[in-house]
Amino acid sequence: MSWFPQKKTGQSWVHRVCQKILKSGPIPKHVAFIMDGNRRFAVKNHMERAEGHFKGFDKLAETLEWCLDIGITEVTVYAFSIENFKRSKEEVDCLMELARQKFTRLMQEKELIQKHEVCVRVLGNLNLLPLDVQEVIAECVHFSKDNKRAVLNVCFAYTSRDEICAAMRELAEGVQLGLIRDSDVSEELMEKCLYTSQSPHPDLLIRTSGEVRLSDFLLWQTSYSCLSFVDVLWPEFSIWHLYGAVLHYQRNYPSIKSAIDSDMADRIRRQREQDYECVISTCDSSDQSTSSLSSRVHQYTLDREARIKQFLHHVNSKRLHYFQELVNRKKTVGV
Amino acid sequence: MYITDSGQYCLTMLETKLLSLLHVLIAVGDFLRHCFYSLPIRFPYQWKNLQQKADARDLKKVPTHLGVIVCEEDISLPDIANLIVWSIALGVSYFSIYDLNGYIKRKRKELKEALDNAQKKCLDEEQRKYTIVIHNDAESRPHENGCYSSNKIDIQLLSKADGRQNLVETTRLLSQQVASKQRRLEDITPSTVEEIIKEKFHFPDPELILRFGKGECLFGFQPWQIRLTEILSARSHHNLGYSSLTDLFHQYGETKQRFGR
């Protein structure tokens with residue numbers, strides 16, 4: 001099945017009315033999915049495991065459409081965990097084949113990507129994947145990187161702890177190279193080094209199959225996300241489950257919103273204190289007047305922001321370079 | 001079809017009203033369900049030790065480390081103390097008590113008193129064979145003092161400062177170590193980070209988090225530690241009965257971990 005279902009799946013007037021009603025309340029902008037239950041679905045329906053995974057993919061394509069209809073413009077899915085490499089070789093190969101096929105298919109639908117203006121990002125430790133899978137992923141990411149209307153993040157060879165460590169290495173390297181100081185490290189800067197640096201945090205996390213844990217998925221990013229655990233196997237997930245999850249989000253919205261706002265205020269306060277402390281610790285002479293202190297703090301803030309800007313430019317260009325190189329290699333091998 | 005502005009306005013109003021009505025209905029349904037589940041007659045403060053033992057035997061599994069997230073404006077320390085004492089009876093030996101703004105953290109003394117009271121109510125003096133230690137940031141953590149009895153119960157009080165901010169501090173530390181060549185860049189792996197965090201907190205990762213109150217959300221609870229934690233919610237910790245707690249533990253007992261396989 002294609003990434004873009006040809007006919008509108010189940011878009012009746014009932015759905016349109018429901019959407020209109022739901023949209024009169026807050027709608028999450030970014031939703032994360034843990035698509036759990038493909039294998040149990042296969043067992044339940046006496047299928048091959050592989051078939052369960054294929055059914056799971058079809059459901060994803062359908063769900064993306066439902067999300068766009070309702071105003072959810074960014075979706076992040078947990079496709080393959082680093083832990084999943086522990087599964088039988090047969091199943092891992094099957095999942096790699098699924099990825100190979102689907103990303104190749106996506107590249108055959110270039111005009112549809114452009115038409116829908118979809119940006120596809122793949123997040124994870126891609127080096128763990130077979131080279132040809134890396135290449136086809138890089139091609140998709142590179143091709144769609146400037147699209148803005150809708151974003152799909154596919155977490156592949158991903159775990160959150162691994163992601164956090166990758167960000168830590170990035171920052172430690174920045175300190176080592178002298179681009180930033182260790183005191184410049186903050187929550188905000190760490191977020192800019194995570195794989196999800198270009199996305200806002202998910203507003204809503206949906207996990208299917210009734211499990212009630214995060215399983216090493218977006219641990220940092222979902223600190224203030226509304227959690228929705230749905231007791232249905234992923235291939236059986238329906239538009240009504242999605243509506244239910246949105247209602248759940250709306251019910252929890254006020255308390256979560258106020259927690260996020262106060263956290264943002266805390267961050268700003270902490271940063272100001274940090275800047276102040278850094279200036280205090282560097283000035284030894286005690287004959288500075290208050291006015292010059294405040295101007296020095298101001299200067300320090302400007303310097304810090306400049307350092308961070310340069311560092312982030314370095315980080316991003318490294319990432320772009322990685323994908324560019326893979327794309328180039330594919331081209332040369334392909335010819 | 002031509003729709004006038006006022007017609008459009010009425011339609012929008014209608015949609016908003018319908019959505020509000022829907023939310024009211026859900027809230028009512030939720031409340032009724034809550035009432036239904038708390039129907040069986042419970043005697044929260046008057047149960048026998050015998051009953052606890054039976055309950056504990058029935059449970060399929062019990063977490064070693066229990067996290068409690070309180071997201072209610074009004075926090076009742078006696079209820080939290082009851083929850084802790086009952087959970088100890090069920091076999092829990094580590095607790096992380098969390099609220100976003102660190103209210104409980106500041107009420108350490110009061111919690112200790114509430115715990116003493118709860119212990120007196122629940123168990124005969126002779127059966128109280130364990131000691132409860134409430135840890136603070138600056139204080140010694142479990143294992144640090146070398147001797148620890150098997151009957152020691154460790155409690156840590158957490159706020160959001162122990163969450164993402166702790167990872168920021170870890171990153172600063174690692175950056176300094178890399179810059180001063182004490183550590184190589186490639187050595188920053190989940191296991192090293194885990195080591196550093198364990199050094200600070202000394203607690204295993206919680207197997208279960210109980211979340212009380214409005215807002216189905218973790219509210220910044222330690223992100224690193226909750227990788228495999230089961231998250232269960234209850235309406236409120238106020239007047240939480242013993243059987244409501246065992247219900248939650250039974251629910252936890254039904255969950256299965258596959259660790260990616």
Side-chain angles (χ1 to χ4, degrees), chain A residues 20-25 81-88 159-162 164-169 171-176 178 180-183 185-187 189-190 211-216 219-229 247-248 250-252 254-256 259 262-263 266 270, chain B residues 11-12 14-20 22-23 26-27 30 71 100-101 160 163-165 167-179 183 185-186 188-190 192-194 213-221 223-233 251 255-257 259-261:
Chain A
K20 282 220 114 184
I21 294 175
L22 279 177
K23 277 184 176 176
S24 63
S81 154
I82 293 176
E83 301 290 314
N84 291 153
F85 281 114
K86 288 187 206 155
R87 291 181 182 177
S88 68
T159 63
S160 193
R161 283 190 175 186
D162 181 72
I164 292 171
C165 287
M168 286 175 168
R169 280 195 296 271
L171 287 159
E173 193 190 43
V175 174
Q176 195 182 25
I180 47 169
R181 299 179 191 170
D182 61 86
S183 60
V185 178
S186 64
E187 286 182 31
L189 188 57
M190 268 190 88
E211 305 292 351
V212 289
R213 57 182 172 270
L214 299 177
S215 298
D216 219 338
L219 299 176
W220 175 291
Q221 295 90 333
T222 56
S223 275
Y224 293 95
S225 302
C226 175
L227 307 178
S228 176
F229 299 112
L247 277 176
H248 177 76
Q250 292 179 341
R251 265 164 64 72
N252 290 292
S255 50
I256 294 177
S262 89
D263 187 50
D266 268 5
R270 223 171 12 234
Chain B
L11 202 62
T12 318
L14 180 70
E15 281 158 7
T16 316
K17 289 279 178 271
L18 276 173
L19 186 67
S20 320
L22 193 58
H23 279 296
I26 293 172
D30 205 44
C71 17
L100 188 61
N101 297 315
K160 73 174 169 199
R164 286 176 181 169
Q165 200 53 38
L167 288 171
V168 169
E169 280 152 26
T170 309
T171 310
R172 282 186 189 155
L173 177 75
L174 284 166
S175 305
Q176 287 161 5
Q177 288 176 344
V178 169
R183 208 186 275 274
L185 208 53
E186 311 84 77
I188 305 180
T189 58
T192 19
V193 174
E194 175 79 3
K214 268 191 189 163
E216 186 75 47
C217 174
L218 292 166
F219 291 107
F221 188 91
W224 181 267
Q225 284 87 336
I226 52 163
R227 181 167 68 119
L228 299 171
T229 310
E230 311 280 349
I231 304 155
L232 297 176
S233 293
Q251 213 177 321
T255 58
K256 283 197 183 78
Q257 293 266 355
F259 305 105
R261 287 191 186 92

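Every chain is numbered from 1, with letters handed out A, B, ... down the list of sequences.
- Residue B/Leu100 touches chain A through its side chain alone, counting heavy-atom pairs closer than 4.5 Å.
- Few gaps surround NZ on A/Lys86; more than 12 heavy atoms of other groups in view lie less than 6.0 Å from it.
- For B/Thr255, the part sitting under 4.5 Å from any heavy atom of chain A is the side chain, from C-beta outward, and nothing else.
- Between A/Gln250 and B/Leu19 the shortest side-chain heavy-atom distance falls below 4.5 Å.
- Side-chain contact check for B/Gln176 and A/Asp182: at least one donor-acceptor pair (N or O, by modelled atom type) lies under 3.5 Å.
- For the set A/Arg161, A/Gln176, A/Arg181, A/Met190, the entry with the most heavy-atom pairs within less than 4.5 Å of chain B is A/Arg161.
- Every salt bridge (Lys or Arg N to Asp or Glu O under 4.0 Å) that A/Glu211 has, sequence neighbours left out, goes to A/Arg40, A/Arg213, B/Arg258.
- The line from CG of A/Asp263 to CG of B/Asn101 is 10.0 Å long, rounded to the nearest 0.5 Å.
- With sequence neighbours excluded, no residue forms a side-chain hydrogen bond (donor to acceptor under 3.5 Å, both in side chains) with B/Lys214.
- With a 4.5 Å cut-off on non-hydrogen atoms, A/Phe229 touches chain B through its side chain but not through its backbone.
- For the residue pair A/Ser255 and B/Phe219, the shortest heavy atom distance occurs at O-CE2, 4.0 Å.
- Atom CD in A/Gln221 sits 8.0 Å away from atom CZ in B/Arg164 (nearest 0.5 Å).
- Distance CG/A/Leu247 to CD1/B/Ile26: 4.5 Å, rounded to 0.5 Å.
- Between A/Leu171 and B/Leu174 there is no side-chain heavy-atom pair separated by less than 4.5 Å.
- Between chain A and the options B/Thr171, B/Leu218, B/Leu228, heavy-atom pairs under 4.5 Å are most frequent for B/Thr171.
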Quick one, A/Arg251 with B/Asp30, criterion side chain to side chain contact (heavy atoms under 4.5 Å, CB included). Give me CA distance, side-chain angles, the key distance, then yes/no.
CA-CA 11 Å; A/Arg251 265 164 64 72; B/Asp30 205 44; 3.3 Å; yes
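- Tested against A/Met168, the residues B/Val168, B/Ile188, B/Leu173 include a single side chain to side chain contact (heavy atoms under 4.5 Å, CB included) partner, B/Ile188.
- The greatest number of non-hydrogen atom pairs below 4.5 Å with chain B, out of A/Glu83, A/Glu187, A/Lys23, is found for A/Glu187.
- Contact of B/Glu169 with chain A is not made at all, since no heavy-atom distance falls under 4.5 Å.
- Ranked by heavy-atom pairs under 4.5 Å with chain B, the first of A/Ser228, A/Ala166, A/Ser225 is A/Ser225.
- Between chain A and the options B/Leu232, B/Leu185, B/Val193, the largest number of non-hydrogen pairs under 4.5 Å is found for B/Leu185.
- At a 4.5 Å heavy-atom cutoff, the contact between B/Leu167 and chain A is made by backbone and side-chain atoms alike.
- Top candidate by heavy-atom pairs under 4.5 Å with chain A, chosen from B/Gln177, B/Lys256, B/Arg183, is B/Lys256.
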Go through A/Val175 and B/Val178 one step at a time and tell me if the side chain to side chain contact (heavy atoms under 4.5 Å, CB included) criterion holds.
CA-CA 8 Å; A/Val175 174; B/Val178 169; over 6 Å; no
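- Nearest heavy-atom pair, A/Cys165 versus B/Pro190, reported as atom, atom and distance to 0.1 Å: SG-N, 3.3 Å.
- When A/Leu189, A/Ile82, A/Leu219, A/Ile164 are compared by the number of non-hydrogen pairs under 4.5 Å with chain B, A/Leu219 comes out ahead.
- To the nearest 0.5 Å, the span separating CZ on B/Phe221 from OG on A/Ser223 amounts to 10.5 Å.
- Note: A/Arg87 leads A/Glu173, A/His248, A/Arg87 in heavy-atom pairs under 4.5 Å with chain B.
- Annotation: maximal heavy-atom pairing with chain B below 4.5 Å, among A/Pro254, A/Ser183, A/Ser160, occurs at A/Ser183.
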